[in-house]
Amino acid sequence: MSEERSLNFLEEIIETDIAAGKNDGRVHTRFPPEPNGYLHIGHATSICLNFGLATKYNGKCNLRFDDTNPVTEETEYVESIKNDIKWLGFTWDNELYASDYFDTLYDFAVTLIKKGLAYVDDSTAEEIAATKGSLTTPGIDSPCRNRSIEENLQLFAAMRDGKYKDGEKTLRAKIDMAHPNLLFRDPLMYRIKHEHHHRTGDKWCIYPMYDFAHGQSDSIEEITHSICTLEFIHHRPLYNWFIEQLGIFPSQQYEFARRNLTYTVMSKRKLLQLVNEKHVSGWDDPRMPTISGMRRRGYTAEALRQFCDTIGIAKRENIVDIGLLEFCVREHLNKTANRVMAVLDPVKLVITNFPEGKEEIFDIENNPEDPNGGTRKVPFSHELWIEREDFMEVAPKKFFRLAPGNMVRLKGAFIVKCEGCKKDDNGNITEVHCAYLPESKSGHDTSGLTVKGTIHWVSVASARTAEVRMYDRLFRVEDPSNEDGDFKDYINPDSMNVLPAVYIEPELVNAKPGDRVQFMRKGYFCVDTESSADKLIFNRTVTLKDAWAKESKKV
RNA sequence: AGUGCGAUGGUGUAACGGUAGCAUCACAGACUCUGACUCUGUUUGUCUAGGUUCGAAUCCUAGUCGCACUACCA
């Protein structure tokens with residue numbers, strides 16, 4: 001196998017480990033989401049990494065829900081997460097939950113108490129915070145720190161048995177209140193929460209902290225390479241400490257830098273705010289950077305995977321240009337989406353020399369990028385809708401579209417020559433008039449003419465209508481979290497522009513939710529999940545690159 | 001301030017002591033029945049200062065800058 005592409009730092013580590021025979025050459029990863037929100041594009045990186053590494057090295061990848069906090073976690077999120085992973089194209093080897101290990105974790109805690117390495121503390125949350133010390137000053141020992149093992153055992157059992165109220169007691173590891181790593185200053189292992197858990201119900205009223213569950217969960221599953229984001233780097237020595245004191249399987253953690261995207265926010269807290277405060281319609285609003293939002297918008301799983309692969313993985317801070325994601329989306333859709341014609345901002349085009357009442361049907365190619373894409377029937381008649389922007393009464397030199405005296409090709413039909421236009425009393429153009437050249441018929445062109453421009457059109461008589469939602473970036477600044485004030489102040493007021501009645505080809509009436517098409521010269525669009533036969537709704541996935549838009553802005 | 005991590009074109013990522021490459025973006029041109037796609041070309045980069053070496057993005061030293069960590073969240 002030739003390595004034309006260089007390895008990322010995780011692949012290098014894994015290949016070194018395999019070569020050294022570590023873990024008998026076994027590779028086992030895991031994707032460990034907390035079910036307290038929907039997955040976003042940042043998670044996609046982690047998913048592609050963990051599942052991708054397992055596949056590449058003939059290993060396994062578990063899906064494990066880190067569900068140690070019953071107050072924020074819900075089954076709805078579990079289902080959405082599983083759905084998104086499957087849609088992205090990955091299959092987990094085992095579906096597991098940290099809550100599966102609550103009994104084992106309890107026993108682990110007892111083991112540490114017996115070793116004199118954990119104690120029950122009566123301190124309040126405020127007292128614990130106050131005695132924590134600071135980055136430069138050591139903390140202060142809790143008065144409960146030197147309770148006897150017997151007393152700790154008894155108190156911990158009483159905690160489990162519901163003898164205490166929330167917050168009344170905690171179980172803490174007995175490490176070092178002066179440790180430079182703040183996480184070692186007697187970290188909390190268990191807290192009391194009289195809460196119903198989405199899986200264990202009311203069995204427990206004490207729940208392990210993430211730090212006392214995550215590392216051991218990896219260990220229990222014999223995960224060989226525990227991949228996580230950079231902010232957990234300080235936790236690694238603590239996980240290793242627990243693993244060592246417990247004498248259990250030594251999973252190794254490796255950290256990478258989370259991916260940030262321009263013109264959006266990624267933290268679950270902020271996304272939840274957007275949802276709760278109705279700035280968007282929900283977690284799957286097409287403007288959201290969630291997997292479900294992007295799916296609804298029309299992004300493909302292939303494009304997302306390609307994007308994750310393209311941006312790679314490293315340990316440095318980053319903010320990826322969203323244009324790169326859009327490129328990956330266009331690249332895939334260009335190959336796969338059928339072309340159709342839709343007129344978003346219509347003006348009537350009258351073909352003066354084409355008989356009224358006559359209809360001619362053209363077979364037009366569905367996708368020039370796909371030789372097996374087939375054709376579709378498109379009716380042509382005396383009156384057509386075209387884009388208002390495709391006609392100019394007074395046009396600049398480089399305008400290749402309709403202007404008096406200019407010729408253009410009507411896509412898949414005839415070349416027409418513009419004769420002028422009609423206006424209403426206010427000077428608004430109401431009709432554009434053209435004559436068609438019968439000998440220029442598409443596929444049978446004997447006119448010998450070549451024209452610079454080709455425009456799209458829809459026959460007035462047979463046009464159908466659809467609602468089209470034109471989406472743009474959710475924020476108007478590159479890094480909303482890094483601006484002064486609230487990030488919501490930077491929401492783009494034009495992030496969604498609804499066109500209630502766009503003219504579309506009759507062929508499109510059969511489009512089903514999830515179908516993706518290219519509206520020729522306008523962009524890629526996806527049939528929305530709310531769409532129905534009575535009311536078709538399209539979401540704009542992404543625009544096409546538009547060289548004319550740039551050109552026309554020049555002087 | 002303590003600890004840890006990091007610094008390569010506008011953005012993302014390679015180069016593991018030996019020609020700073022790839023993708024995107026931008027720009028120019030070719031092609032085009034989508035001003036799309038495709039193709040060709042061009043501009044732009046090793047945080048700073050020393051040192052080691054025939055040779056340094058890479059190794060060493062010092063500094064600068066950025067990020068993370070002081071939740072009974074994960």
Side-chain angles (χ1 to χ4, degrees), chain A residues 5-8 12 32-34 36 66-69 71-73 98 121 123-125 128-129 132-139 166-172 179-183 185 188-193 206-207 209-211 213-214 229-237 255 257 259 262 268-269 310-328 330-331 334-335 339 341 364-365 368-369 398-401 408-413 415 440 442-443 445 450-456 478 518-523 543-552:
Chain A
R5 195 197 163 105
S6 55
L7 302 176
N8 65 44
E12 283 181 0
E34 184 193 10
N36 69 343
D66 266 327
D67 55 351
T68 55
N69 185 358
V71 311
T72 55
E73 294 152 7
D121 195 350
S123 307
T124 63
I128 288 176
K132 185 109 189 176
S134 73
L135 295 173
T136 49
T137 56
D166 286 8
E168 210 175 326
K169 293 200 179 333
T170 57
L171 183 73
R172 299 177 71 179
H179 202 285
N181 182 342
L182 268 43
L183 293 167
R185 321 251 259 228
L188 267 62
M189 294 162 57
Y190 268 90
R191 76 287 215 193
I192 300 170
K193 277 181 189 289
I206 57 171
Y207 292 93
M209 298 291 291
Y210 176 84
D211 276 351
H214 187 79
T229 46
L230 237 36
E231 70 266 29
F232 292 104
I233 198 163
H234 301 275
H235 299 242
R236 184 176 62 205
E255 306 86 10
R259 318 314 311 220
T262 55
K268 274 194 209 167
R269 205 195 92 249
T310 300
I311 62 178
I313 199 68
K315 297 184 79 161
R316 71 182 82 110
E317 298 301 315
N318 61 80
I319 178 157
V320 183
D321 188 343
I322 194 152
L324 198 48
L325 209 205
E326 292 171 345
F327 169 81
C328 294
R330 286 191 191 101
E331 189 181 40
N334 176 49
K335 292 183 201 132
R339 275 60 170 170
M341 295 192 284
I364 301 184
E365 175 181 45
E369 303 288 326
K398 286 187 176 175
F399 188 77
F400 304 145
R401 307 176 185 181
V408 298
R409 157 87 50 192
L410 293 174
K411 174 69 191 179
I415 291 174
S440 68
S442 189
D445 190 341
T450 55
V451 292
K452 241 348 198 159
T454 299
I455 65 171
H456 60 278
E478 279 203 356
Q518 182 194 107
F519 287 171
M520 290 205 86
R521 307 205 300 137
K522 287 282 127 190
T543 59
L544 258 27
K545 275 191 15 182
D546 190 348
W548 169 245
K550 267 182 225 165
E551 182 64 35
S552 61

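Only heavy atoms go into these numbers, but all of them, side chains included; no hydrogens, no water, no symmetry mates. A, B, ... follow the sequence lines: proteins, then strands. Residue 1 opens every chain.
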So CD of A/Glu34 and OH of A/Tyr210: to nearest 0.5 Å the spacing works out to 9.0 Å
* Asked: Can you list the steps and then say if A/Arg409 with A/Asp445 is a side chain to side chain contact (heavy atoms under 4.5 Å, CB included)?
  -> CA-CA 11 Å; A/Arg409 157 87 50 192; A/Asp445 190 341; 2.7 Å; yes
From the list A/Arg339, A/Arg521, A/Lys411, side chain to side chain donor-acceptor pair (under 3.5 Å) partner of A/His456 resolves to A/Arg521
Taken to the nearest whole Å, CD1/A/Ile313 to C1'/B/G6 is 14 Å
task = Pick the P atom in B/U43 and in B/A36, then give their distance to the nearest Å.
result = 23 Å
Rounded to the nearest 0.5 Å, the OG1 atom of A/Thr262 sits from the CD1 atom of A/Ile319 at a distance of 6.0 Å
A/Asn8 has its side chain closest, among B/A23, B/G35, B/A14, to B/A14
Within the structure shown, what part of the strands sits under 4.0 Å from A/Ile455 by heavy-atom distance: base, sugar-phosphate, or nothing? nothing
key: Nearest-angstrom distance, P atom, B/U19 to B/G12   = 25 Å
Between CZ of A/Arg339 and P of B/G35 the distance, given in whole Å, is 12 Å
Notebook entry, point to check: Heavy atoms, side chains only, cut-off 4.5 Å: are A/Leu410 and A/Ile455 in contact?
Noted result: yes
Dump the pairs, protein N or O against N or O of nucleotides 38-48 of chain B, anything under 3.5 Å, distances to one decimal.
none

Rounded to whole Å, the CZ-P distance (A/Arg521 to B/A36) equals 11 Å
Whole-Å distance, A/Lys335 NZ to B/A36 P, equals 18 Å
Tabulate protein N/O versus nucleotide N/O from nucleotides 28-30 of chain B, keeping only pairs under 3.5 Å, one per line.
| unit_1 | atom_1 | unit_2 | atom_2 | d |
| --- | --- | --- | --- | --- |
| B/A28 | OP1 | A/Lys554 | NZ | 3.3 |

In terms of heavy-atom contacts, A/Ser123 and A/Asp121 come closest through OG-OD1, 2.7 Å
Worksheet item: Hey, does A/Gly443 reach any base, or is it just sugar-phosphate, or nothing, if we go heavy atoms under 4.0 Å?
Response: base
CD (A/Glu255) and CD1 (A/Ile233) are apart, to the nearest 0.5 Å, by 4.0 Å
Rounded to the nearest 0.5 Å, the CG atom of A/Asn181 sits from the NE2 atom of A/His234 at a distance of 7.0 Å
*asked:* Suppose you measure atom P in B/G10 against the same atom in B/G63; what distance do you get, rounded to whole Å?
replied: 28 Å
| Separation between the C1' atoms of B/C33 and B/C27, rounded to whole Å | 28 Å
CD1 of A/Ile128 to CG of A/Leu188, rounded to nearest 0.5 Å, is 5.0 Å
Quick note, A/Asp321 side chain, CB onward, closest among B/U11, B/C33, B/C27 is B/U11
Remember a base hit wins even if backbone is also touched, and classify A/Lys545 as base, sugar-phosphate or nothing at under 4.0 Å, heavy atoms. sugar-phosphate
Please confirm whether the shortest side-chain N or O distance from A/Arg236 to OP1 or OP2 of B/G4 is below 4.0 Å.
no
Closest to the side chain of A/Lys550, out of B/A36, B/A26, B/A15, is B/A26
Salt bridge (charged side-chain N to carboxylate O under 4.0 Å, His left out) filter on A/Lys193, not counting sequence neighbours, yields none
Query raised in the report: Roughly how far apart, to the nearest Å, are B/U58 and B/G51 at atom C1'?
Result: 15 Å
Q. Within a strict 4.5 Å, meaning less than it, do heavy atoms of the A/Asn36 and A/Asn69 side chains meet?
A. no
With the side chain defined as heavy atoms from C-beta on, A/Arg409 is closest, among B/C33, B/A1, B/C37, to B/C33
Here the distance between atom C1' of B/C25 and atom CD of A/Glu478, to the nearest Å, is 12 Å
Note to self: Please report the distance separating the P of B/U52 from the corresponding atom of B/A20, rounded so that it comes out in whole Å.
What the structure shows: 23 Å
In RNA chain B, consecutive runs of at least three Watson-Crick or G-U pairs below 3.5 Å, as range with range, amount to B:2-7 with B:64-69, B:10-13 with B:21-24, B:26-30 with B:38-42, B:47-51 with B:59-63
Per-nucleotide protein contact along nucleotides 66-74 of chain B, 5' to 3', at a 4.0 Å heavy-atom cut-off (B base, S sugar-phosphate only, - neither), is -SBBB-BSB
- Query: Hey, does A/Gln518 reach any base, or is it just sugar-phosphate, or nothing, if we go heavy atoms under 4.0 Å?
  - Reply: base
Salt bridge (charged side-chain N to carboxylate O under 4.0 Å, His left out) pairs touching residues 313-326 of chain A, sequence neighbours excluded, are A/Glu326-A/Arg473
Rounded to whole Å, CD1 of A/Ile364 lies from P of B/U34 at a distance of 12 Å
When you compare B/U13 with B/U70, how far apart are their P atoms, in angstrom units rounded to a whole number? 26 Å
Out of B/U34, B/C25, B/G35, minimum distance to the side chain of A/Asp546 belongs to B/G35
Distance col, row A/Ile415:CD1 vs A/Thr450:OG1, nearest 0.5 angstrom, shows 8.0 Å
Which whole number of Å gives the distance between the C1' atom of B/G66 and that of B/U24? 24 Å
A/Arg330 CZ to B/C25 C1', in whole Å, measures 11 Å
Rounded to whole Å, CD1 of A/Ile311 lies from P of B/C25 at a distance of 15 Å
(Q) Over all strands shown, is A/Phe399 touching base, sugar-phosphate only, or nothing at heavy-atom distances under 4.0 angstrom? (A) base
Give the ring-plane orientation class for A/His235 versus A/Phe232, where under 30° counts as parallel, over 60° as perpendicular and anything between as tilted.
perpendicular
query = Heavy atoms, side chains only, cut-off 4.5 Å: are A/Ile364 and A/Met341 in contact?
reply = yes
Practice task
Please tell me if the side chains of A/Arg330 and A/Leu544 come closer than 4.5 Å, counting only heavy atoms from C-beta onward.
Solution key: no
